[in-house]
Amino acid sequence: QVQLVESGGGLVQPGGSLRLSCTASGSRFSFSSMWWYRQTPEKQREFVASIGSDGMPNYVDSVKGRFTISRDNSANMVHLQMNRLKPEDTAVYFCKQPPNYWGQGTQVIVSS
């Protein structure tokens with residue numbers, strides 16, 4: 001059984017930065033891709049970024065050039081560095097490990 005725990009959310013002003021982290025249990029982390037999603041009350045959960053087991057990243061267009069996903073296999077962690085944050089980045093951010101393991105989410109609020 002895989003458990004995922006996100007951390008690092010909070011309140012930040014527009015233009016600011018946050019670093020989200022997701023810690024995974026289990027022994028197969030290094031073999032698995034990892035994904036970040038976000039959700040607001042108005043929208044369905046949407047894909048934000050992913051990183052393959054080979055370290056290859058992928059991003060939704062709206063965060064390209066601002067967000068960076070990385071992984072630390074020695075610590076079973078995946079990170080999402082979020083820079084130049086915008087109010088529209090406000091959401092609950094979830095990490096996911098395939099096939100369908102999700103964390104509880106961490107709230108990000110971008111507001112002045």
Side-chain angles (χ1 to χ4, degrees):
Q1 185 73 11
V2 171
Q3 290 185 324
L4 304 172
V5 179
E6 300 97 336
S7 61
L11 172 64
V12 63
Q13 292 187 343
S17 298
L18 282 175
R19 187 185 191 223
L20 305 184
S21 297
C22 173
T23 304
S25 64
S27 61
R28 296 198 56 79
F29 178 84
S30 62
F31 302 103
S32 178
S33 62
M34 294 297 296
W35 302 66
W36 284 99
Y37 285 76
R38 62 189 179 188
Q39 186 169 20
T40 66
E42 298 79 23
K43 288 185 178 181
Q44 289 186 328
R45 195 170 294 189
E46 67 168 353
F47 166 77
V48 176
S50 65
I51 186 165
S53 57
D54 59 357
M56 184 68 69
N58 191 30
Y59 302 95
V60 67
D61 285 347
S62 60
V63 309
K64 283 180 180 176
R66 301 189 297 122
F67 290 12
T68 303
I69 189 170
S70 61
R71 65 189 299 156
D72 180 354
N73 289 339
S74 67
N76 275 24
M77 295 183 75
V78 61
H79 305 287
L80 187 68
Q81 178 66 44
M82 306 187 296
N83 298 328
R84 305 204 314 271
L85 282 159
K86 304 176 181 180
E88 52 263 43
D89 296 317
T90 295
V92 178
Y93 285 71
F94 299 88
C95 69
K96 175 186 173 181
Q97 182 174 338
N100 201 33
Y101 299 103
W102 294 86
Q104 83 288 350
T106 187
Q107 176 76 59
V108 172
I109 300 174
V110 185
S111 174
S112 55

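What you are looking at is a predicted structure, and each value in this text was computed from that prediction instead of being measured.
Contact annotation: the side chain of S33 approaches that of P98 to within less than 4.5 Å [non-hydrogen atoms, C-beta and beyond]. Within the 4.5 Å cutoff, the side chain of R84 has no heavy atoms near those of the V63 side chain. A heavy-atom distance below 4.5 Å is found between the side chains of L11 and S111. Looking at V48 and Y59, their side chains never come closer than 4.5 Å, going by heavy atoms from C-beta outward. Side-chain contact check for R71 versus M34: some heavy-atom pair is nearer than 4.5 Å. Contact annotation: the side chain of V92 never approaches that of T106 to less than 4.5 Å [non-hydrogen atoms, C-beta and beyond]. Here the side chains of P14 and P87 are in contact, with some heavy-atom distance below 4.5 Å. Side-chain contact between K96 and Y37 is present, with at least one heavy-atom pair separated by less than 4.5 Å.
For Q44, the CD atom counts as loosely surrounded, since its 6.0 Å shell holds 12 or fewer non-hydrogen atoms of other residues, nucleotides or ligands. No more than 12 heavy-atom neighbours from other residues, nucleotides or ligands sit within 6.0 angstrom of CD on Q3.
Taking hydrophobic clusters as Ile, Leu, Val, Met, Phe, Trp and Tyr residues chained together by side-chain heavy-atom distances below 4.5 Å, M77 does not share a cluster with F94.
Counting all heavy atoms, side chain and backbone alike, Q39 lies closest to K43 at CG-O, 3.6 Å. Residues N76 and G26 come closest through the heavy atom pair ND2-O, 2.9 Å. Minimum interatomic distance between N73 and F29 (heavy atoms only, all atoms of both residues): OD1-CE2, 3.2 Å. Minimum heavy-atom separation, E46 to R38: OE2-NE, 2.6 Å.
In this structure, D89 does not pair ionically with K86, as no charged nitrogen and carboxylate oxygen lie closer than 4.0 Å.
In this structure, F67 and Y93 have tilted ring planes: the angle between them lies in the 30° to 60° band.
Ring-centre distance between W36 and F47: not below the 6.0 Å cut-off.
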Q: Go through the steps for V108 and L18 under the test side chain to side chain contact (heavy atoms under 4.5 Å, CB included), then give the verdict.
A: CA-CA 9 Å; V108 172; L18 282 175; 3.9 Å; yes
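Applying side chain to side chain contact (heavy atoms under 4.5 Å, CB included) to L20 and the options E6, H79, M82 leaves one that passes, M82.
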